[in-house]
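A single structure is presented below for examination.
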Amino acid sequence: MDIKEDDESRVITPTELQLHDSVTARTGTLWTAVAHIITGVIGAGVLSLAWATAELGWIAGPAALIAFAGVTLLSAFLLSDCYRFPDPNNGPLRLNSYSQAVKLYLGKKNEIVCGVVVYISLFGCGIAYTIVIATCSRAIMKSNCYHRNGHNATCSYGDNNNYFMVLFGLTQIFMSQIPNFHNMVWLSLVAAIMSFTYSFIGIGLALGKIIENRKIEGSIRGIPAENRGEKVWIVFQALGNIAFSYPFSIILLEIQDTLRSPPAEKQTMKKASTVAVFIQTFFFFCCGCFGYAAFGDTTPGNLLTGFGFYEPFWLVDFANACIVLHLVGGYQVYSQPIFAAAERSLTKKYPENKFIARFYGFKLPLLRGETVRLNPMRMCLRTMYVLITTGVAVMFPYFNEVLGVVGALAFWPLAVYFPVEMCILQKKIRSWTRPWLLLRGFSFVCLLVCLLSLVGSIYGLVGAKFG
């Protein structure tokens, strides 16, 4: 049977909103699970992998990609066993969300901490998406300018991306008022197509650049820095960028809850995770290594906007347009869980307040007289959220640094700590035994790497802002 929980404490994720209608049927297979995972992880994060590989060098870069793949796969295996409670094979309770599992295994306090980390991660994604949208919009205009006036032309279009960020923020204020936005199935399909399209274009352009250069750029040590201390912090910032791109732990149980049985859901999920991580790692290797091989020490932070590619200009424009289309909808997908949680909490706390609970209908001539229902609290709350994310992005418009901070903050608690703790409790592993020491050691090493990545990313953020 399915476990129920208090709606007010429930942590909602983007994939849960999209998969909600298909959960009860449980007709998913190995390949639908693989598709959901790949769609969830292939996104704007891949654009930074070439830069991350360049900072780490030809040995540490690929090694880091493999290491994060291994951690992600182990996390998926541990979480898959937590789907049924209390027994992983025949437990009567199905846990269909990450927050449910954390609450049942680790208690209410840990669920609150989990929720805070999830929402901070979603908020960070909103900031990162705002930065990328502005960068890509400006890159399209610069690409056309370079094509018309030559590659040495002065095509600045302003000293920063603030204009494009504000324009994107205004667009999102309007889109955030669209009711049932998360139920638009086509949105996920378009996002998946766009993300694969611009990723493959980036790989293709990088491969073409390598062929044009007739050599592989780069070195074992990576991009040189002014001094050793700065190089160390940049390396950890690069690890934060990789950490942002890899994990899918937060959506795993929701995907697993769509799988039919027999065979046991955990068996199918482990196979799906293995296939997905293999495909993901191959894809990330292509993005990271081809990009570094093409540009070497001049590898840009964003593969498609650093203007290592000038021609064919229409293909560069198309790739950046795909990013814009993907992230315009992706911003809403990542924002809807925050909207839902805040609005549900306020409605439950003040059910009689007209500002919060009442909806007003308006007829719009452009929609052939159709009535649009608006809620004052929803309008104010969502507008304020968009203004905050846009404001933070304007203050800190640094793509790689922001990705590093978000990746370092979310990776250890969501992909390592909670899965390890739930595994120890479920399997009743005794303290100081060999499995206990291995799991604790694994968690500690990941914590150390994430803390150093966080410090390195904050160092880079402060340096970029005030340096």
Side-chain angles (χ1 to χ4, degrees), residues 1-7 10-42 69-106 111 114 118 182-183 185 188-189 192 246-280 337 414-416 418-429 435 439:
M1 66 178 179
D2 300 324
I3 188 169
K4 304 294 184 183
E5 66 176 335
D6 182 13
D7 286 341
R10 186 177 179 82
V11 179
I12 305 173
T13 61
T15 302
E16 183 177 1
L17 287 170
Q18 294 171 358
L19 295 181
H20 181 267
D21 293 335
S22 63
V23 166
T24 54
R26 293 194 176 95
T27 58
T29 64
L30 167 68
W31 296 109
T32 61
V34 170
H36 281 308
I37 294 171
I38 295 298
T39 302
V41 297
I42 302 297
V71 172
T72 301
L73 187 59
L74 177 58
S75 169
F77 278 28
L78 296 178
L79 273 176
S80 298
D81 288 334
C82 296
Y83 173 63
R84 286 186 176 269
F85 180 87
D87 181 74
N89 297 310
N90 303 308
L93 299 181
R94 299 172 186 260
L95 307 180
N96 59 11
S97 78
Y98 194 93
S99 62
Q100 282 185 342
V102 171
K103 181 180 181 181
L104 194 61
Y105 283 102
L106 304 178
E111 187 202 18
C114 173
V118 169
H182 58 275
N183 289 332
V185 178
S188 295
L189 179 62
Y246 253 106
F248 53 89
S249 53
I250 191 175
I251 62 175
L252 185 140
L253 292 178
E254 296 156 14
I255 296 173
Q256 188 168 342
D257 194 48
T258 68
L259 299 177
R260 64 188 178 204
S261 62
E265 298 92 348
K266 72 171 188 175
Q267 294 179 9
T268 305
M269 197 66 221
K270 288 180 179 180
K271 291 179 181 178
S273 299
T274 303
V275 174
V277 169
F278 177 81
I279 296 173
Q280 178 186 12
L414 298 180
V416 180
F418 289 124
V420 165
E421 294 300 314
M422 289 189 286
C423 173
I424 290 174
L425 286 174
Q426 185 195 55
K427 298 184 183 300
K428 299 178 181 178
I429 299 174
L439 287 171

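Heavy atoms only: backbone and side chains are in, while hydrogens, waters and symmetry mates are out.
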(message) Less than 6.0 angstrom separating the ring centers of Y105 and F85, yes or no?
(response) yes

(request) Give, for atom CG of L252 and atom OG of S97, the distance between the pair rounded to the nearest 0.5 Å. (result) 12.0 Å

(message) Show the nearest heavy-atom pair for residues Q426 and P88, with the distance to one decimal.
(response) NE2-CB, 3.8 Å

(request) Report yes or no: does E265 contribute a side-chain atom to a donor-acceptor pair with the main-chain N or O of D257 at less than 3.5 Å? (result) no

(message) So, taking the atom named CD1 in I255 and the one named CG in L79, what distance separates them when rounded to the nearest 0.5 Å?
(response) 11.5 Å

(request) Write down the atom of C82, the atom of L95, and the distance for their closest heavy-atom approach. (result) O-CD1, 3.3 Å

(message) Quick check for you: to the nearest 0.5 Å, what is the distance between T258 atom OG1 and L253 atom CG?
(response) 11.0 Å

(request) Go through the steps for F77 and T274 under the test side chain to side chain contact (heavy atoms under 4.5 Å, CB included), then give the verdict. (result) CA-CA 9 Å; F77 278 28; T274 303; 3.5 Å; yes

(request) Identify the heavy atoms of V277 and A69 that sit nearest to each other, and give their distance. (result) CG1-O, 3.7 Å

(message) Could you work out, with side-chain contact (heavy atoms from CB on, under 4.5 Å) as the rule, every residue matching T39, not counting sequence neighbours?
(response) A192

(request) Considering non-hydrogen atoms only, spot the tightest contact between E111 and S99 and give its length. (result)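 That would be CG-O, 3.8 Å.
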
(request) Taking all non-hydrogen atoms of both residues into account, name the closest pair between I429 and P435 and its distance. (result) CG2-CB, 4.0 Å

(request) For residues V41 and T72, determine if any side-chain heavy atom of one lies less than 4.5 Å from a side-chain heavy atom of the other. (result) no

(request) Go through the steps to decide whether I251 and H36 satisfy the test side chain to side chain contact (heavy atoms under 4.5 Å, CB included), and finish with yes or no. (result) CA-CA 9 Å; I251 62 175; H36 281 308; over 6 Å; no

(message) Donor-acceptor check, side chain of Q100 to backbone of N96, threshold 3.5 angstrom: yes or no?
(response)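 Side chain of Q100 to backbone of N96: a pair is present.
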
(message) Let me confirm one number: the CZ-CD1 distance from F248 to I42, rounded to the nearest 0.5 Å.
(response) 11.0 Å

(message) Keeping Y98 on the side-chain end and L414 on the backbone end, is there a donor-acceptor pair under 3.5 Å?
(response) yes

(message) Does atom NZ (K271) have a neighbourhood of more than 12 heavy atoms from anything else shown, all under 6.0 Å?
(response) no

(request) Enter the distance from L259:CG to K266:NZ here, rounded to the nearest 0.5 Å. (result)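 Result: 14.0 Å between the selected atoms.
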
(message) Run L78 and M422 through side chain to side chain contact (heavy atoms under 4.5 Å, CB included) and show every step you take.
(response) CA-CA 8 Å; L78 296 178; M422 289 189 286; over 6 Å; no

(message) Once side-chain contact (heavy atoms from CB on, under 4.5 Å) is applied, do any residues pair with A415, and if so which ones, sequence neighbours excluded?
(response) S75, P247, S249, F411

(request) Look up atom OG in S273 and atom CG in L73, then write down how far apart they are to the nearest 0.5 Å. (result) 6.5 Å

(request) Report yes if the side chains of R84 and N90 come closer than 4.5 Å at any heavy-atom pair, otherwise no. (result) no

(message) Applying salt bridge (Lys or Arg N to Asp or Glu O under 4.0 Å), can you list everything that pairs with K427, at least two apart in sequence or on another chain?
(response) D81

